[in-house]
A.B. asks: 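Below is a structure I'd like to ask you about.
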Amino acid sequence: MRQLQSLLFILGFFFSGQTTASDYHEQLLLRPLHPSLLLASFNFQSNTTWASFEQQNFRYFPRSLGQILQHANTRELHLRFSLGRWDAESWGARPWGGAREGGTGVELWAWVEAETDEEADGRWLTLTNALSGLFCASLNFIDSTRTTRPVMSFQPSGGHNDSTLENLHLLHGTLPREVVCTENLTPFLKLLPCKGKAGISSLLDGHKLFDASWQSMSIDVRPICAEGETECQLQITQTIDMVLDLQRSKRPRDNPIPRPVANEELKCDTSKPYNSHDTCFPLDTAAQEEGWSLSQIFGHSLKGSCPLATDGADPVCINVPHARHVFTSAGAHEHKDPNGYLRCFELSPDGEFDLTLPDQDITEKAPLEQPLLYAERSFIGYGQESGGVQAILTNPSPTESVDFVYMESLPWFMKLYLHTLKAKINGKDKPVIQEMYYRPALDRKRGTQLEVRILIPANSTVVLTYDFEKAILRYTEYPPDANRGFDIAPAVITIGNVSIRTTSLLLPLPTPDFSMPYNVIILTSTVMALSFGFVFNLLVRRFVAVDEADQWDLRAVRLKIAAAGKRILGRFGSGKGKVENIKKVQ
Amino acid sequence: MAPSLPNFSAARMRSYVFRLPLFTRAMILVIVLLWIASYMVDVKQWGALIPKEIGIRGDDTVYRTNTFPLVHAGFFHMFMNLLALTPLLERFEAEYGTLTTLALFFGPLSTIPALLYTFIERGLLGMNTAVLGARYERFCGNIKGMDADKEDSIWVFTLIAMEAVKTYKSNPYFMLGTTQIPTWITPFVMVLFVSFLIPNTSFLGHVCGLLFGYGWGLGYLKFLAPPDWALRWIEGKLNLLGRLPHYVSVDQKTYGRYGVLPTTNPTLAPAGDGIALGYMASDVLLRRNPLLLKLPPYLSFLCVVIGVAWLLLLPLDDYSRKTYISENALLPGQVHTYFAGSDQNVFRGYKHEINALEEKSNIEVNDKLEEFFKASGLKVARQSYEYKSAGETYKGENIYAILHAPRGDATEAIVLVGAWRNIEGKLNRSGVALVLTLARYFKRWSLWSKDIIFLVTADSKAGPQAWVDAYHDTHQTPAIASLPLKSGALQGAVVIDYPFDHRFESIHIVYDGINGQLPNLDLLNTVVSIASGQMGIGVSLQQMWHHTDNYKDRLKTMLRGMMNQGLGHASGPHSSFIPYHVDAITLQPFGEGWQDEMAMGRVIESTFRSLNNLLEHLHQSFFFYLLMQANRFVSIGTYLPSAMLVAINFTIMAIFLWVKSGAVEEDTTKTASTIESGEKKQLVLVQERDAKALVPEEVLTVRERELFLPLAVVAGSQFLGVLPLYTFNHLPQSMLPSTFILFTLLAPLLPLLLSSTLTTYFSPTSQQHTLIKTFSLLLLGLFLSSLATLNFSLAFLIGLLSSPLTYITPLPHRPIIKGLLAVIMGLVAPTTVVLAGTWYWGLELGEVLKEAAFGWDVWGMNTQVVVWCVWWPAWVVGGILLFGRPREEEEEVEEVKS
């Protein structure tokens, strides 16, 4: 809970300056995680008034994105790029309560203003295609089969006018197979006012970001209408969260291979009787806090504060016990949160900033916030014909029950049998499903959408299972790496403002032997050639009886020679013959 | 006729074109003109054959049935059609004369197929697909209710069919390999090809054209042609021959300008009172051919001999192939391995810990292992299992740790297994230590694209099975616990079996799965190429510790592999993975050499790096193969015929006996006397098309087969197989050997008993005996040939051991031969073979039976089913036959008389 307090403490900074017409904040929160990991949460937020947005008067709000939103009549936008998986058991609750993360790959949902569903679809198409170009991602592949219209899981977060609220259409699409990489980071950074040149964004580097054990990039655009005020604002929040492995990040870039350490550097348990120069039982270093510094982890130090961030909030914060030694470079001022584990640093506008935490034996650790729900989803069964999905949802809280919405959007070729949907609580069949929304799939047109509202009592586990049948695709519908399988988008679990996403799944479908068409082509060509030859032969060849055919035996040769001889002889006597002929004619 | 390639000369072509007869020229002209016209007016709409527009009452659209072949949609198709049509039309015209052709082509030849098409399409199928002489084009928007107009070349196909019938008359078959294919089929094959390969062709239209062509060619439709006298009269009156160039007169017509081969006149005069056997290939007569009736026993024997010889040939260089990597993504041995240096110190540390745990209980061991895995930063989970088989309980607890792929999403995983005790029950001391060290080492790398699961099972037989079953959620709860922690789809598994302390010389790869299933050959090739290519470690298979690459060693390796495959048991912890389509192998270091544990670790590291490269599930290479050396194999296409031949031997005999059982019994003396006395046999006129023959009546009569008893006997003995199957899979272990011995001793008595019961109560005739054998062999052949595709080795071994059954017949009057055969039968009895095998390999009978029962209960092994429900019933039926005493036919007759 204290964790949440500290988060609110930070958020307090942001929302205090909300009323100003146009402003920009940025903050980096560092939180060491067990074992030897570091969660770095970058947050960039800027506001613009609705009026200046409408007039295309962009200051901190990125013009490229703003114009797309205007063109596609999008009132609220949420875009996520994620990679890896959050290990809730070791790392606790998700940053931002899971609100700033998406499922593996790319996830996009938006509220589009349109009169009809068809118009909304058209604008959604415009939006996805435009964003695809802007973020170098395959967002244009979010077609009708990947688009859903969630009913219970997502609510518009901002303050929309009641008039627009009626015409808002929520559309949601995922690309679980999209691999997020540097080409997505570069356009992301370009949207920032300081563009990765100064401030905390100068730490962002593709090599480090995409070597993280888990990372999520998010863009949220939402309108904010404070009550009693007529002037609305548009807020864009960009966040990057990543979990870095300290040991891995500290490896120098020119030598990233984890070679075995030298024998002397090996940390051995010397209490073991067999410990010797060539035998070593590795020491469990969990108790020891590993030393690190910003420049080690991110490859270089922070290049001053961003001059555009003018709200006075401290740009760098770290969440460690006060007993932990933290050293900073000169020019930075430390602010300690008196009752928590948080300390923030004010940077000098120019001059580099570095943060160093030395090796330290310390038992006190900043407490982890317990997640509201543990969710794990996996396939059950085997074979090419059918299968099942099992989602294990555990409520760890000893007192509080959890009410949540579980949403699945499945591709059409995974044909869900709704009657097999069962929820068992602690191994017993009890009605835990409160409400259900189901939209069946249409082949090649749209996927299945399933939203289930479940109530888990305190300290219980719900196992949700359902069976499905695998469709047989047309051979052109397989991707080039057909035998890999098909990625199934993560399930989205919404508990009020907190959201959790499960891991994605890899669905193996019955795959034809793609070398077979090749064989078939060869075979068919051969048969074609044979039959063509046959018909051609029929058409062109002369068929004569055996006795009429030219025979090449001795007699035939003799006759031929005789005939040739006659011809030659005839030539000599030809003059005579002609004359005779002429005479006859006359 | 000496075959000669048609030499295509421009001069010949030119003369051919100049000699084209009148009607052909006119047609070409019309088609071309219409094509040109199609650019100006919508000819297609005018000329296309649209079923709906053809009125029954013959309104003005009936002209379409005549015009449609002339209209084409595009140049290309018009050209192609001309090319196809011209020579055919020219031949037709040359044969029948211009006038006839004209009359036919604007009369029945277009109209009848068109009407046929219209009738079928509209009346039966209810569609409305327009037909042109031409290719599909998008103008259908204009014509309401039209799906698409399709290419149709009805004329071409009609003419081709006529030609084909003509060819068929002179040249009825062409040979493809050994099969005779009637020539008249060709046009139909062409229609099929055209309809498959060229889009938007009207299959139905073509078939209608063909039907007409066949009808014409066979002479059924000749009545449609205008009468000769009328044509002659017209010709004479108009002096067409004089006025028109290139006109082919009715009289001028030849039997084809090219001449026709003298067609054989198939009508055979009835050959007096002799037996007329013309060239007629009637199967009825073939069936009674005395020569053919003698053949099958030799043929089936030949099949067995060739089958065995085939197998023996496989190890030769000409028949086996060198292995190769099919999946390019694997890139075996292309990475540097870094598992060395101080990691060896860690390994030694872990090994000390493992040695200290040797005497500890399973739970204590797992507590320690969990601690080690957790210290390496992995997620750990445990699974307990309990199996009951043959009165024994197999209990244990598996422990496994998952290394999450640093940037992965739990979609795929590879497994590294180190069983705590290997298949021989020895402590896998270096193996488990290696798993722990590698887990710690792999954690440092960030390049893993798949999760890595480190699995330490309590034993090598039950533990892996419990784990894999639970991973795929097919386990029996609560005896086998569910897995608390899971990852994605398993892509491969490697097992380390390294139970000793010292250095090793080479690696022994075990690859047989349960029920003879095998891992993808690519996995094996990867390890072989890494071990021998990258690390310089030798590789051996099937316990061939010294392989000298000669014929004998190769054959030995192959036969050992077949034996393992045939038994279908688990040969290591990897075996349990294979039925789930997870490719898996076990690596066992052996011998005394200079390779240390780290070399073994590097082999595994490199293998995992290769598996990590995989984008798709292993699918490229073979799943069915026989290995005869680490880098030599034969694939299914090469080896399968040998088992198939052995299986076919039974089918051949079954068919032969069926035919024989239907034959009327001939008394040899009687026949001789009949011939001598000149008594006429009853002759029957057999007609096949135009051919007629007189054959003795008895050849055609099929004796009535009494099927009930034979079917009941065969079905009964098949069901009898369930008895030993149930007994040996459910008895407690202590009773197994004694029961088996008892069963072995009693089993030979069973056929004797059954046979005497049959003789006493039903007194089956020799025909019924033959039928019993027929059905038994038919079933055996059926089962074995299907089994050969699943478990080649088992099918081959059982086929070979039961091949004497092909030759067992009731021998009531020859006690010596009968006794000899009985001994042979006793030797090839399933029970005797099991005992002999046990003795030969120096195994305990009890252990073998226990393992079999364990395989049935835990692994889902189905070798027993094949032995008890396929092999054993066939053997029992063989015994029944051997001791059978067929009722004498004469006795029966006498009985009836008296």
Side-chain angles (χ1 to χ4, degrees), chain A residues 35 83-85 87 89 104 210-213 245 247-248 257-263 266 268 272 274 278-282 284 286 376 378-382 388 390 481-485 487 503-506 508 511 524 527-528 531 534-535 537-546 548-549, chain B residues 1-2 4 6 8 87-88 91 160 163 167 170 174 186 189-190 193 196-197 256 258-262 336 338-346 348-350 352-353 375-377 379 404 406-412 440-441 444-446 472-474 486-489 580-581 615-617 619:
Chain A
L83 199 65
R85 99 188 95 167
D87 180 1
E89 278 163 36
T104 306
F210 297 106
D211 191 36
S213 295
D245 187 313
Q247 285 174 356
R248 207 157 69 210
I257 295 166
R259 290 189 171 81
V261 294
N263 283 359
L266 209 58
C268 298
K272 297 278 180 189
Y274 51 76
D278 69 344
T279 311
C280 167
F281 184 77
D284 191 0
E376 198 188 322
S378 60
F379 275 132
I380 52 178
Y382 65 101
Q390 181 188 52
D481 48 352
N483 280 286
R484 179 175 179 270
D487 291 83
T503 54
S504 61
L505 295 171
L506 191 64
T511 314
T524 329
V527 177
M528 277 293 283
S531 59
F534 176 73
V535 173
N537 231 341
L538 262 183
L539 298 182
V540 181
R541 177 173 295 177
R542 277 185 59 174
F543 289 101
V544 288
V546 179
E548 291 171 30
Chain B
M1 214 187 308
S4 67
F8 214 82
L88 291 164
R91 277 172 76 101
I160 284 182
E163 288 296 327
T167 317
S170 61
F174 64 88
T186 338
V189 175
M190 279 183 66
F193 269 123
F196 290 148
L197 294 180
Y258 304 107
V260 181
L261 283 174
H336 276 290
Y338 295 93
F339 185 65
S342 64
D343 279 322
Q344 189 158 18
N345 298 3
V346 177
R348 289 197 190 101
Y350 280 132
H352 277 284
E353 293 291 325
S376 303
K379 300 226 159 292
H404 284 172
R407 284 167 296 162
D409 194 32
T411 48
E412 294 165 286
R440 193 171 173 277
Y441 170 74
R444 299 207 296 260
W445 285 94
S446 61
H472 296 93
D473 218 57
T474 55
K486 269 200 211 175
S487 179
Y580 287 97
H581 197 10
L615 292 172
E616 306 175 63
H617 198 92
H619 69 282

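What you see is a predicted model; the values in this text were computed from it and never measured. First the proteins, then the strands, lettered A, B, ... as listed; each starts at 1.
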A.B. asks: Among A489(B), G408(B), G341(B), G377(B), which residue has the highest count of heavy-atom pairs closer than 4.5 Å to chain A?
C.D. replies: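 Most heavy-atom pairs under 4.5 Å with chain A: G408(B).
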A.B. asks: Considering non-hydrogen atoms only, spot the tightest contact between A212(A) and R407(B) and give its length.
C.D. replies: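 Taking A212(A) first and R407(B) second, the nearest heavy atoms are O-CG, 3.1 Å.
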A.B. asks: What residue in H581(B), H404(B), R440(B), K486(B) has the most heavy-atom pairs under 4.5 Å with chain A?
C.D. replies: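 When all of H581(B), H404(B), R440(B), K486(B) are compared, H404(B) has the most.
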A.B. asks: Which region of F379(A), side chain (C-beta onward) or backbone (N, CA, C, O), has a non-hydrogen atom less than 4.5 Å from a non-hydrogen atom of chain B, or is it both or neither?
C.D. replies: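 Just the backbone, heavy atoms under 4.5 Å.
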A.B. asks: For H619(B), check side chain to side chain donor-acceptor pair (under 3.5 Å) against everything at least two apart and list the hits.
C.D. replies: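 H619(B) satisfies side chain to side chain donor-acceptor pair (under 3.5 Å) with N483(A) once adjacent residues are dropped.
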A.B. asks: Given side chains that start at C-beta, do those of T503(A) and T411(B) come closer than 4.5 Å, heavy atoms only?
C.D. replies: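 In short, these two side chains do not touch, never coming nearer than 4.5 Å.
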A.B. asks: Starting at NZ of K272(A), measure out to CD of E353(B) and round the result to the nearest 0.5 Å.
C.D. replies: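 The CD atom of E353(B) is 3.5 Å from NZ of K272(A), to the nearest 0.5 Å.
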A.B. asks: Quick check on S446(B) against chain A: is it the side chain, the backbone, both or neither that has a heavy atom closer than 4.5 Å?
C.D. replies: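 S446(B) touches chain A through backbone and side-chain heavy atoms alike.
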A.B. asks: Report the option among L88(B), V346(B), I160(B), T474(B) that has the most heavy-atom pairs separated by less than 4.5 Å from atoms of chain A.
C.D. replies: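 The candidate making the most pairs under 4.5 Å is V346(B).
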A.B. asks: Please classify the contact of L538(A) with chain B as side chain, backbone, both or neither, using a heavy-atom distance under 4.5 Å.
C.D. replies: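 Both backbone and side chain of L538(A) come within 4.5 Å of chain B.
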A.B. asks: Looking at every heavy atom in both Y338(B) and R259(A), which two are closest together, and how far apart are they?
C.D. replies: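 Here Y338(B) and R259(A) meet closest at CE2-NE, 3.6 Å.
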A.B. asks: Does any non-hydrogen side-chain atom of P508(A) lie less than 4.5 Å from one of H617(B)?
C.D. replies: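 Not touching, per the 4.5 Å side-chain cut-off.
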A.B. asks: For chain B, which candidate among C280(A), G84(A), C268(A), G381(A) shows the most heavy-atom pairs at distances under 4.5 Å?
C.D. replies: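 Most heavy-atom pairs within the cutoff with chain B belong to C280(A).
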A.B. asks: Is the shortest side-chain heavy-atom distance between Y350(B) and P282(A) below 4.5 Å?
C.D. replies: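 A side-chain contact under 4.5 Å exists here.
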A.B. asks: Between Y274(A) and H352(B), how do the two ring planes meet: parallel, tilted or perpendicular, split at 30° and 60°?
C.D. replies: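 Rings of Y274(A) and H352(B): parallel, as their planes differ by under 30°.
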A.B. asks: Roughly how far apart are N263(A) CG and Q344(B) CD, rounded to 0.5 Å?
C.D. replies: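 Reported to 0.5 Å precision, the distance equals 9.5 Å.
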A.B. asks: If you take all heavy atoms of P260(A) and S342(B), which pair is closest and at what distance?
C.D. replies: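 Of all heavy-atom pairs spanning P260(A) and S342(B), the closest is CB-OG, 3.6 Å.
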A.B. asks: Where does R248(A) contact chain B at under 4.5 Å (heavy atoms): side chain, backbone, both or neither?
C.D. replies: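 It is the side chain, since no backbone atom gets that close.
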A.B. asks: S378(A) versus chain B, heavy atoms under 4.5 Å apart: side chain, backbone, both or neither?
C.D. replies: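 Side chain only.
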A.B. asks: Under 4.5 Å, counting heavy-atom pairs only, tell me which of T511(A), L266(A), V535(A) racks up the most with chain B.
C.D. replies: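 The candidate making the most pairs under 4.5 Å is L266(A).
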A.B. asks: Using every non-hydrogen atom in the two residues, find where P87(B) and L539(A) come nearest and quote the distance to one decimal.
C.D. replies: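 The pair with the smallest heavy-atom distance is CG-CD1, 4.2 Å.
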A.B. asks: Would you say D87(A) and K379(B) make side-chain contact, with heavy atoms under 4.5 Å?
C.D. replies: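 Side-chain contact under 4.5 Å: yes.
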A.B. asks: When you measure from the side chain of R348(B) to the backbone of D278(A), do you find a donor-acceptor pair of N or O atoms at a distance under 3.5 Å?
C.D. replies: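 At least one qualifying donor-acceptor pair exists.
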A.B. asks: Looking only at heavy atoms and a cut-off of under 4.5 Å, which of I257(A), L83(A), D487(A) has the most pairs with chain B?
C.D. replies: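 Counting heavy-atom pairs under 4.5 Å, the top option is I257(A).
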A.B. asks: With respect to chain B, which residue among L505(A), V527(A), L506(A) yields the maximal number of heavy-atom pairs within a distance under 4.5 Å?
C.D. replies: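 Most pairs with chain B among the choices: L506(A).
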A.B. asks: Nearest 0.5 Å, what's the OG-CD distance between S487(B) and E376(A)?
C.D. replies: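 Interatomic distance, S487(B) OG to E376(A) CD, rounded to 0.5 Å: 9.5 Å.
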A.B. asks: So which of L615(B), D473(B), N345(B) has the biggest tally of heavy-atom pairs under 4.5 Å with chain A?
C.D. replies: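 Most pairs with chain A among the choices: N345(B).
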